[in-house]
Amino acid sequence: MFPEVPLGHDHWEKRLFQEVEDWILKKNSEWLYSFENICETLQLNADYIRKGLRVWKEAKRKSYSIEDQREDHTKLIRTRVAPLRHSNTGQILMR
């Protein structure tokens, strides 16, 4: 129902996610294909689903920020571990 990535990497992904989220969160039963009407037809609790999706979205946000931090940390470690070489001889000066 929701796009896979709530924090889309490009403009199109972010826009798609926002449109889906707006449709789900809108409490409107006038439109035939509103989230409210679809849930009612399928005998689903719309508010319960909304709550679950909010929890899922927040968990995704947290996991992405942790992954980004790990990636940044790994890049930092790689730059620190790279040996220092003499510019003329190429000999390793220190580790």
* Structure fact -> Those residues at least two apart in sequence (or on a different chain) that pass salt bridge (Lys or Arg N to Asp or Glu O under 4.0 Å) with Arg50 are Glu36, Asp47

* By side-chain contact (heavy atoms from CB on, under 4.5 Å), which residues pair with Leu32, not counting sequence neighbours? -> none

* **Same apolar cluster: Phe35 and Leu42, side chain cutoff 4.5 Å** => yes

* To do: Kindly work out whether a path of hydrophobic side-chain contacts (I/L/V/M/F/W/Y, heavy atoms less than 4.5 Å apart) joins Phe17 to Leu25.
  => no

* Residues in side chain to side chain donor-acceptor pair (under 3.5 Å) with Glu58, at least two apart? -> none

* With sequence neighbours left out, what residues match Glu40 under salt bridge (Lys or Arg N to Asp or Glu O under 4.0 Å)? -> none

* Under the side-chain contact (heavy atoms from CB on, under 4.5 Å) test, which residues partner Gln18, sequence neighbours left out? -> Glu21, Asp22

* **Residue list, ring pair (Phe, Tyr, Trp, His ring centres under 6.0 Å) with Tyr33, at least two apart or on another chain** => Trp31

* If two hydrophobic side chains count as joined below 4.5 Å and joins carry through other members, does Val55 share a cluster with Ile24? -> no

* Asked: What closest approach, in Å, do Cys39 and Ile49 show between heavy atoms, and which atom pair accounts for it?
  -> SG-CD1, 4.0 Å

